[in-house]
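Computed from heavy atoms alone, side chains included, the values below leave out hydrogens, waters and symmetry copies. So you know, we letter chains A, B, ... as the sequences are listed, proteins then strands, and number each from 1.
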Amino acid sequence: MSNAQNDYFQLFALPEQFNIDTKLLEANFRKIQSASHPDRFVSAGATEKLASMQLATLSNEAYSTLKNAARRAKYLLEKHGIDAVADTNTALPMDFLMQQMEWRELLEDAKAAKDIPAMDKLLSQLRAEAKALESELSELFDDKKDYAAATEVTRKLIFIDKVCSDIQQAIEYLD
Amino acid sequence: MAYSDKVLDHYENPRNVGSLDKNDPQVGTGMVGAPACGDVMKLMIKVNDDGIIEDAKFKTYGCGSAIASSSLVTEWLKGRTIEEAYAIKNSEIAEELALPPVKIHCSVLAEDAIKAAVADIRAKQAAKESA
């Protein structure tokens, strides 16, 4: 498979930037999914079968990466040779880590009290935070091309994304 | 993934969970985070006038290995000097807990938390001396 086909943005005919047309992403993903569906390759040769399967797998991975803002930002940085989640870099702004701890503590208390409204409230607060970071990212990536600053914001977004999915999990568990 | 018995022991019975008074001039705080997994770790140490760590507490939100790594270091830190604490390597933590390669970053996090806590207490001591 050529590099062009492995590129997540090119795969869905999207410009390589943070701000993407999610409707177009969705539509082009569905197109690839139906074109590479195994049902269409029942009588095809082994090579064709394999190629369609590889395309289906790649498009799944590409879609889930581009759909999620944190993963999309991380992927864009990788394309610029930056590993936003390198193990060796554990230093984050102190106030951000404090905030993380507070959110984690709130979640822990809400879980212990089985307080779903409190979790919902925390979740919407975090989603608002994530939105703000996303608009920062769109400016840093697409207008300023400031990848160093974008790395810092991406790292924060990954943390928030993680807390959000933990809250969702806790809510689902209690529901 | 299979956790080692030592990880399970620290995970199920974490030692020294909690906080110390962050405004105490003898208390140093280290806060670190691992973006790869979203783990956050807070380590607090209380250092007496002889430079010996009298108490250590931690609070970690993360996987079993991250909790075990921080729990273990709080045990190791008590009674050591801050210089000795600073010299603790993540490889010692990983070895003690038999962490698999994918969990080595949890021990890195714990080492960095110690270094951050030591840096904080040194900054507090320096501020006191110059005051």
Looking at A:Gln100, A:Lys162, A:Met101, A:Met94, which makes the most heavy-atom pairs under 4.5 Å with chain B?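 Looking at each of A:Gln100, A:Lys162, A:Met101, A:Met94 in turn, A:Met101 comes out on top.
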For chain B, find which of A:Met98, A:Arg104, A:Lys74 contributes the most heavy-atom pairs closer than 4.5 angstrom.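 Sorted descending by pairs with chain B, the first entry is A:Arg104.
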What part of A:Glu105 lies closer than 4.5 angstrom to a heavy atom of chain B: side chain, backbone, both or neither?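 Looking at A:Glu105, backbone and side chain both touch chain B.
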Using non-hydrogen atoms and a 4.5 Å limit, figure out which bit of B:Lys115 sits close to chain A: side chain, backbone, both or neither.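 For B:Lys115, no heavy atom lies under 4.5 Å from chain A.
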Top contributor to chain A interface from B:Asn90, B:Asp39, B:Val40, B:Thr29 [non-hydrogen pairs under 4.5 Å]: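 Of B:Asn90, B:Asp39, B:Val40, B:Thr29, B:Val40 has the most heavy-atom pairs under 4.5 Å with chain A.
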Tell me which of these, B:Ala116, B:Gly38, B:Ala113, has more heavy-atom pairs under 4.5 Å with chain A than the rest.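 Among B:Ala116, B:Gly38, B:Ala113, the one with the most close pairs to chain A is B:Gly38.
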Between atom NZ of B:Lys103 and atom OG of B:Ser69, what is the distance when rounded to the nearest 0.5 Å?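 One gets 10.0 Å once the value is rounded to the nearest 0.5 Å.
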Taking only residues at least two apart or on different chains, which pairs with a member in residues 52-74 of chain A satisfy ring-ring contact (aromatic ring centres under 6.0 Å, His included)?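 Only A:Phe29-A:Tyr63 qualify under ring-ring contact (aromatic ring centres under 6.0 Å, His included).
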Mind checking whether A:Trp103 and A:Phe96 have parallel, tilted or perpendicular rings, split at 30° and 60°?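 Perpendicular: the ring planes of A:Trp103 and A:Phe96 meet at over 60°.
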Judged by atom type as modelled, is there a donor-acceptor pair below 3.5 Å linking the side chain of B:Lys57 to the main-chain atoms of B:Leu43?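 Not at all, since once roles are kept as given, no pair shorter than 3.5 Å links the two residues.
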For A:Ile82, side chain to side chain contact (heavy atoms under 4.5 Å, CB included) partners two or more places apart: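 Testing A:Ile82 for side chain to side chain contact (heavy atoms under 4.5 Å, CB included), a comparison that skips the adjacent residues, returns A:Leu77, A:Tyr147, A:Thr151.
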